[in-house]
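Working notes, beginning with the structure itself.
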Amino acid sequence: GAVVSQHPSRVICKSGTSVKIECRSLDFQATTMFWYRQFPKQSLMLMATSNEGSKATYEQGVEKDKFLINHASLTLSTLTVTSAHPEDSSFYICSAKMGTSGYEQYFGPGTRLTVT
Amino acid sequence: GQNIDQPTEMTATEGAIVQINCTYQTSGFNGLFWYQQHAGEAPTFLSYNVLDGLEEKGRFSSFLSRSKGYSYLLLKELQMKDSASYLCAVANSGYALNFGKGTSLLVTP
């Protein structure tokens, strides 16, 4: 149980285009989902916290108009990188937290984005 | 602010024991996590400490001292497959994780 999927696993796009990444909790309802990114040889950095049915909370330095997050249902959150640039190339990972209590969160397998 | 420190790299021999330390200074604390991450993959959960003391789970143990802002991950009977990056992360009140930069562990024969 407690499986989180991400789609796509890899994507290459041209500079200036937009890319949507999906994060799904397959066998549980996730009231909260988190989005992280990881640059090569660096650790994960929290980008935003997404609660179902409400606006995402972005970390300082993360542009909310560039990284659009939609958490429309209890099993799906999407991250759209708008007008992507090469510096947005990174490994994007989501995690999902079950319920409002407890500490466990489950990570998706990640999406490798390359902007050319 | 958040400040989480751990060594960048460590090397240990197969069969040995290694301890990876983590110190933290954070504005909120809702527990400390350790994750293992292989290159190009998502992190996998190893342990969670919210109270002081030692949590043991098989070959892995994790310790927490909240008053000292200190944790360690202890790996026993090291195996080659334990070569990976080990991430220390502190949860805020909403359980979002702030990660340290990770410790790259190399296990040698």
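Throughout, a chain's letter reflects where its sequence line sits, starting with A, and its residues are numbered from 1. Note that the structure is a prediction, hence the values are computed from the model and not measured.
Hydrophobic clustering of Ile, Leu, Val, Met, Phe, Trp and Tyr side chains at less than 4.5 Å, counting indirect connections, keeps L105(B) apart from I17(B). Linking ILVMFWY side-chain heavy atoms closer than 4.5 Å, directly or via other members, places V4(A) and M98(A) in a single hydrophobic cluster. Y24(B) and W34(B) fall within the same hydrophobic cluster, defined by Ile, Leu, Val, Met, Phe, Trp and Tyr side-chain heavy atoms under 4.5 Å apart, directly or through other members. Under the 4.5 Å side-chain heavy-atom criterion for grouping Ile, Leu, Val, Met, Phe, Trp and Tyr, V90(B) is not connected to L51(B) through any hydrophobic cluster.
Note that CG of L97(B) and CE of M45(A) are 12.5 Å apart. Values are rounded to the nearest 0.5 Å. To the nearest 0.5 angstrom, S85(B) atom OG is 10.5 Å from K41(A) atom NZ.
Counting heavy-atom neighbours within 6.0 Å of L106(B) CG, excluding the residue itself, gives a total above 12. The neighbour count for Q19(B) CD, taken as heavy atoms of other residues, nucleotides or ligands under 6.0 Å away, is above 12. The environment of H38(B) atom NE2 is dense: over 12 non-hydrogen atoms of other residues, nucleotides or ligands sit within 6.0 angstrom.
Neither the backbone nor the side chain of Q6(A) comes within contact range of chain B; no heavy atom of the residue lies under 4.5 Å from a heavy atom of that chain. Only the side chain of L87(B) comes within contact range of chain A, with heavy atoms under 4.5 Å apart.
For the pair I93(A)/P43(B), a side-chain contact is recorded, criterion being any heavy-atom separation below 4.5 Å from C-beta on. Between L44(A) and K101(B) there is no side-chain heavy-atom pair separated by less than 4.5 Å. Counting heavy atoms from C-beta outward, F99(B) and Y36(A) have side chains that approach closer than 4.5 Å.
When the candidates G40(B), A39(B), A91(B) are compared by the number of heavy-atom contacts under 4.5 Å with chain A, G40(B) comes out ahead.
For the pair K97(A) and Y95(B), the tightest heavy-atom approach, listed with the atom from each and the gap, is CE-CD1, 3.2 Å. Between G108(A) and A42(B), the closest heavy-atom pair is O-CB, 2.8 Å.
Apart from V81(A) itself, the hydrophobic cluster it occupies contains V11(A), V19(A), I21(A), W35(A), M47(A), Y58(A), V62(A), F67(A), I69(A), L79(A), Y92(A), L113(A), V115(A), where clustering links Ile, Leu, Val, Met, Phe, Trp and Tyr at side-chain heavy-atom distances under 4.5 Å.
Between F107(A) and Y35(B), the distance from one ring center to the other falls under 6.0 angstrom.
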